[in-house]
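Naming convention: chains lettered A, B, ... in sequence-line order (proteins, then strands); numbering from 1 in each chain.
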Protein chains: 2
Amino acid sequence: MKPREKSRKISGKQPAKASREPLSRERIELAALDLIEEDGLETFSTRRLGERLGCEAMSIYHHYPSKSHLLNALLDRVLAAQPLPPQDLDPVERIRQLGYCWRQIGHDHPKLFQYIAMHRLNTRTGLGFLNDVITSFGRLGLDAETSARLFRSFSYYVTGAALDETSGYAKGPSATESVPDEELERDFPQVAAAGPFFKPQHFERTFAAGLDIFIAAIRDLADAAKQTKPRGRA
Amino acid sequence: MKPREKSRKISGKQPAKASREPLSRERIELAALDLIEEDGLETFSTRRLGERLGCEAMSIYHHYPSKSHLLNALLDRVLAAQPLPPQDLDPVERIRQLGYCWRQIGHDHPKLFQYIAMHRLNTRTGLGFLNDVITSFGRLGLDAETSARLFRSFSYYVTGAALDETSGYAKGPSATESVPDEELERDFPQVAAAGPFFKPQHFERTFAAGLDIFIAAIRDLADAAKQTKPRGRA
DNA sequence: ACCTGAACACCGTTCAAGT
DNA sequence: ACCTGAACACCGTTCAAGT
């Protein structure tokens with residue numbers, strides 16, 4: 001999109017000695033995660049990654065068949081690194097915590113999250129994560145359809161929130177020619193008035209507010225289901 | 001990412017006569033919207049757009065200073081084209097309909113929606129839209145903070161849903177090596193069981209389910225606020 | 001005023017070759 | 001087995017020139 005700053009090659013043609021331990025998936029992925037969070041997804045390229053690793057871009061292709069495969073490996077890696085709440089928690093409370101976990105992935109990897117939010121989790125790691133979350137929804141005692149819809153719409157909220165917090169109104173790319181402040185105050189007073197609540201210091205509480213709406217609804221549905229067919233010592 | 005099919009130039013070097021009406025923002029933007037929905041955002045380029053318009057890529061730069069400016073103009077255009085519910089509706093019902101309106105933009109322009117969802121609406125058109133929605137939240141009779149948080153988390157849900165419906169689980173790019181069905185059934189039974197409800201024919205009802213949770217919560221808050229300080233003929 | 005075409009600094013990826 | 005380097009078919013954008 002836009003031309004980048006001249007690349008500063010300090011070391012001339014000599015490959016940096018320190019970085020010349022052999023390439024490995026681990027070394028490539030850690031460097032890729034760093035590079036993406038430093039410069040963003042848009043400018044991330046195999047050529048620039050090669051530069052950082054002290055190798056040719058094409059060396060990376062010896063470990064991944066394509067750039068997509070590398071990005072998928074990054075998704076897998078950050079997913080596997082995210083600790084999840086214990087299985088024996090009350091399912092509603094566990095679902096609440098899982099919402100925070102998914103959001104945490106966004107906060108830990110804000111630039112990569114654009115990729116994460118828009119790609120199916122259908123590697124083994126991704127499916128394991130989904131299976132885990134859906135299992136907690138299954139423990140609410142609801143019918144399969146209600147449970148599936150609830151999981152799905154809950155995910156819409158959490159992903160939408162995390163995406164907005166990492167790439168949206170406050171941090172995301174802005175219009176090429178933005179409206180000046182005084183014009184905003186004059187012509188869009190409601191936006192100007194609400195604006196302060198859209199700032200990053202409000203992210204935490206706004207996220208909680210919407211999450212609580214969902215969690216309360218989930219708890220109500222679960223309670224109603226227990227009422228109808230009580231299990232165990234009823 | 002991946003090499004594209006050979007471009008089929010039917011007309012050789014002759015500029016297609018039909019398309020040689022002079023370039024204009026309107027003609028460029030309509031062609032761009034078509035091209036994006038046909039081939040996707042990733043492969044959309046000024047060069048390919050020029051080809052479709054029967055001009056050089058650089059001719060487009062006479063009407064927009066950069067590709068970003070063009071994309072922003074597209075966002076403005078689809079936003080301005082979306083009809084909104086009448087202002088005199090009950091605010092809660094209007095907010096519900098606005099949720100469907102935002103989602104409709106995604107359905108009308110699924111490929112462009114990835115761009116829309118991730119960019120600030122800070123052109124005049126975008127701010128007009130936001131101001132309109134926030135105004136309806138303002139009419140709920142809640143304090144400014146609650147109202148702002150409610151608008152924000154409601155937007156998280158609607159954007160997350162529309163994004164998922166257009167680029168997510170069912171339609172989005174999948175992992176480079178996906179897990180085969182029998183392995184899914186065996187190792188991720190909860191995902192396999194819920195899978196049918198994630199298909200496009202369930203989008204409408206799943207979206208409504210989550211939206212209704214939000215709308216009910218909004219209505220409760222608004223009713224509680226009216227109780228506390230009734231206005232007019234109380 | 002509107003459009004062109006060569007050029008520059010980038011991409012992902014293929015392929016044949018080097019160690 | 002692991003890595004390189006040239007090459008191919010692309011990008012967005014600058015710039016000087018054409019009408």
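Nucleotide dC10(D) holds its C1' atom 16 Å from the CG atom of L49(B), rounded to whole Å. dG12(C) atom C1' lies 16 Å from atom CD of E42(A), rounded to whole Å. Rounded to a whole Å, the NE2 atom of H62(B) is 5 Å from the P atom of dC2(C). Remark: C1' of dG12(C) and NE2 of H69(A) are 14 Å apart, rounded to the nearest angstrom. A straight line from CG of L71(A) to C1' of dC11(C) spans 14 Å, rounded to a whole angstrom. To the nearest angstrom, P of dA6(D) lies 18 Å from OH of Y61(A). Rounded to whole Å, atom P of dT4(D) lies 10 Å from atom CD1 of I60(A). Spacing between atom CD of E51(A) and atom P of dT4(D) amounts to 13 Å, rounded to whole angstrom units.
Using a 4.5 Å cut-off on side-chain heavy atoms (C-beta onward), L74(B) and I116(B) make no contact.
Toward the 5' end of DNA chain D, the nearer of the two residues E56(A) and M58(B), judged by each one's closest nucleotide, is E56(A).
Checking dA16(C) for Watson-Crick or G-U wobble geometry (two distances, each under 3.5 Å) identifies dT4(D) as its partner.
Under the 6.0 Å distance and 45° angle rule, R152(A) does not count as a cation-pi partner of F197(B).
In this structure, the nucleotide among dC3(C), dG12(C), dC11(D) sitting nearest to the side chain of P22(B) is dC3(C). In the set dG12(D), dC11(C), dC11(D), the nucleotide with an atom closest to the side chain of R48(B) is dC11(D).
In this structure, E145(A) pairs ionically with R205(B), as a charged nitrogen and a carboxylate oxygen lie closer than 4.0 Å.
Judged by distance alone, the side chains of Q87(A) and D132(A) do bring a donor and an acceptor atom under 3.5 Å apart. Counted by atom type alone, Q114(A) and S167(A) present one or more donor-acceptor pairs between their side chains at under 3.5 Å.
When the side-chain nitrogen and oxygen atoms of S59(A) are compared with OP1 and OP2 of dT4(D), one or more of them lie within a distance under 4.0 Å. For dC3(D), one of the phosphate oxygens OP1 or OP2 lies less than 4.0 angstrom from a side-chain nitrogen or oxygen of H63(A).
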